[in-house]
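Heads up, the thing below is written out as structure tokens.
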2 protein chains.
Amino acid sequence: METMTTFPLQRDEVAGYLREHGITPTRPRVEIGTVLFQGHQHLSADQVQARLTSHVSKASVYNTLSLFTERGLLRQLIVDPTRVLYDTNVAPHHHYYDVERGELLDMDSSDALQMSPPAPPHGMAIESVDIIVRVRRDSATH
Amino acid sequence: METMTTFPLQRDEVAGYLREHGITPTRPRVEIGTVLFQGHQHLSADQVQARLTSHVSKASVYNTLSLFTERGLLRQLIVDPTRVLYDTNVAPHHHYYDVERGELLDMDSSDALQMSPPAPPHGMAIESVDIIVRVRRDSATH
DNA sequence: CTTAATGCAAAGGCTTTGCAGAGAC
DNA sequence: GTCTCTGCAAAGCCTTTGCATTAAG
């Protein structure tokens, strides 16, 4: 049951959006939601904290990002060994990862691999399919 | 230029294998190679260290795994936010990841997605394509 | 008022670093 | 003998935890 939400969300729309997902809209959560739901982005906890306009503790940033993920407002991306990135686009899609800059780009579904979902192993159910195409600047720029 | 190597490698074959890849076969490296090249496996630094028959410091385990990766003997798998796994199978293939047990399974190429390699973004070259199908025990076992 | 959330600092887990001592050739 | 590698412990990151304080309804 996905709510059709149109980004960007204005600050005063965030509280309602959180409530729709069973999340009490406290000050820190609205603050973080306002940063996140400006559009589709890939942010680490640190990056989120850096963009806040009022202070929220690191612990609350982490708690909030976990909560949003649990409630389906975010998707975790495990792509960089040094930190977790959060994707505000929870619709199925895949990524390019610039290994030099550590940046993610969404892949157009037209570019996406033609996939017949693979058979999961016996007794297992597929939870998600993550495709990451690691890229780097062309050798010309070496 | 890939060397066709048949696993498992016996302990006395490891030194030569390392030399072929420009790696000085020191005692810790042969030790680690002997653990790794018994077959296709997915191991963390800790797991490697635990299987050694003689002591190698943690720092050397990490250094060695990085070196082997750099020289193409291993492939790093970024799949679990809490640790890096190393795959002794460097041929192109993909994975199932059991999110509950934290274990990886190789995907048969027959199960693999039909993929027309996606177009990389302008000025970028594809380095690798990583596909991870996250799975969990069937809901029956809830 | 009662329950839930926040903040701070401390603790944790994995990985890297610095540097003296040991090993490879 | 020279250059490289190893080991140990300390330092670094990112993330989680514990617990007293504050906010939500």
Side-chain angles (χ1 to χ4, degrees), chain A residues 14-35 42-71 73-87 99 102 104, chain B residues 14-35 42-71 73-87 99 102 104:
Chain A
V14 172
Y17 183 57
L18 297 183
R19 279 209 193 78
E20 285 169 21
H21 289 265
I23 298 169
T24 305
T26 63
R27 199 263 310 168
R29 289 170 179 173
V30 171
E31 191 73 34
I32 291 170
T34 303
V35 166
H42 312 107
L43 298 175
S44 66
D46 248 19
Q47 291 174 320
V48 170
Q49 195 187 32
R51 295 176 191 202
L52 297 172
T53 59
S54 73
H55 177 77
V56 176
S57 73
K58 196 145 288 186
S60 296
V61 172
Y62 278 104
N63 285 340
T64 301
L65 293 174
S66 298
L67 177 66
F68 285 8
T69 302
E70 211 172 81
R71 296 297 214 284
L73 276 59
L74 291 177
R75 176 177 156 199
Q76 262 192 216
L77 300 175
I78 314 299
V79 91
D80 175 335
T82 71
R83 69 218 201 293
V84 173
L85 294 180
Y86 291 87
D87 194 340
V99 293
L104 277 168
Chain B
V14 172
Y17 183 56
L18 298 182
R19 279 208 194 80
E20 285 170 22
H21 289 265
I23 298 169
T24 305
T26 62
R27 198 264 312 166
R29 289 170 180 173
V30 170
E31 191 72 34
I32 291 170
T34 303
V35 167
H42 311 108
L43 298 174
S44 66
D46 249 18
Q47 291 174 321
V48 170
Q49 196 187 32
R51 295 175 193 203
L52 298 172
T53 58
S54 74
H55 177 75
V56 175
S57 72
K58 196 145 288 188
S60 296
V61 173
Y62 278 104
N63 285 340
T64 301
L65 293 174
S66 298
L67 177 66
F68 285 9
T69 301
E70 209 173 84
R71 295 297 214 283
L73 275 61
L74 291 176
R75 176 175 156 199
Q76 261 194 220
L77 300 175
I78 314 299
V79 92
D80 176 334
T82 72
R83 68 216 200 297
V84 173
L85 295 180
Y86 291 87
D87 193 341
V99 293
L104 278 168

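Letters A, B, ... mirror the listed sequences (proteins, then strands); counts begin at 1.
In this structure, the CG atom of A:L67 is 16 Å from the C1' atom of D:dT16, given to the nearest Å. Atom P of nucleotide D:dG25 and atom CG of A:L18 are separated by 12 Å, given to the nearest angstrom. Atom CD of A:Q49 and atom P of D:dT15 are 12 Å apart (whole Å). The CD-C1' distance, from B:E31 to D:dG7, rounds to 15 Å in whole Å. In this structure, A:L85 atom CG and D:dT15 atom P are separated by 9 Å, rounded to whole Å. With rounding to whole Å, A:L65 atom CG is found 14 Å from D:dC14 atom P. Note: CG (A:D80) to P (D:dC13) measures 14 Å, nearest angstrom.
A:E31 places no side-chain N or O within 3.5 Å of a backbone atom of A:L52 that could act as its donor or acceptor partner. Under the 3.5 Å distance criterion, the side-chain polar atoms of B:Q47 are matched with a main-chain donor or acceptor of B:S44.
Heavy-atom minimum distance, B:G22 versus B:R71: O-NH2, 3.3 Å.
Nearer to the 5' terminus of DNA chain C, by closest-nucleotide assignment, is the contact made by A:R27 (compared with the other of B:Y86 and A:R27).
Scanning residues 51-63 of chain B for heavy-atom distances under 4.0 Å to DNA chain D yields B:H55, B:V56, B:S57, B:A59, B:S60.
Within the 4.5 Å cutoff, the side chain of A:S60 has no heavy atoms near those of the A:R29 side chain. Within the 4.5 Å cutoff, side-chain heavy atoms of A:L18 are placed close to those of A:F68.
Protein chain A contacts DNA chain C over a range whose 5' and 3' limits, counting nucleotides with an atom under 4.0 angstrom from a non-hydrogen atom, are C:dA5 to C:dC8.
No side-chain N or O of A:Q76 forms a donor-acceptor pair with one of A:T69 less than 3.5 Å apart. Between the side chains of A:D80 and A:T82, at least one donor-acceptor pair of N or O atoms lies under 3.5 Å.
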Q | side-chain contact (heavy atoms from CB on, under 4.5 Å) evaluation trace for B:H42 with B:L77 | A | CA-CA 8 Å; B:H42 311 108; B:L77 300 175; 3.8 Å; yes
Q: Go through the steps for A:V79 and B:I78 under the test side-chain contact (heavy atoms from CB on, under 4.5 Å), then give the verdict.
A: CA-CA 6 Å; A:V79 91; B:I78 314 299; 5.6 Å; no
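One finds no side-chain N or O of B:R29 lying less than 4.0 angstrom from the OP1 or OP2 phosphate oxygen of D:dT4.
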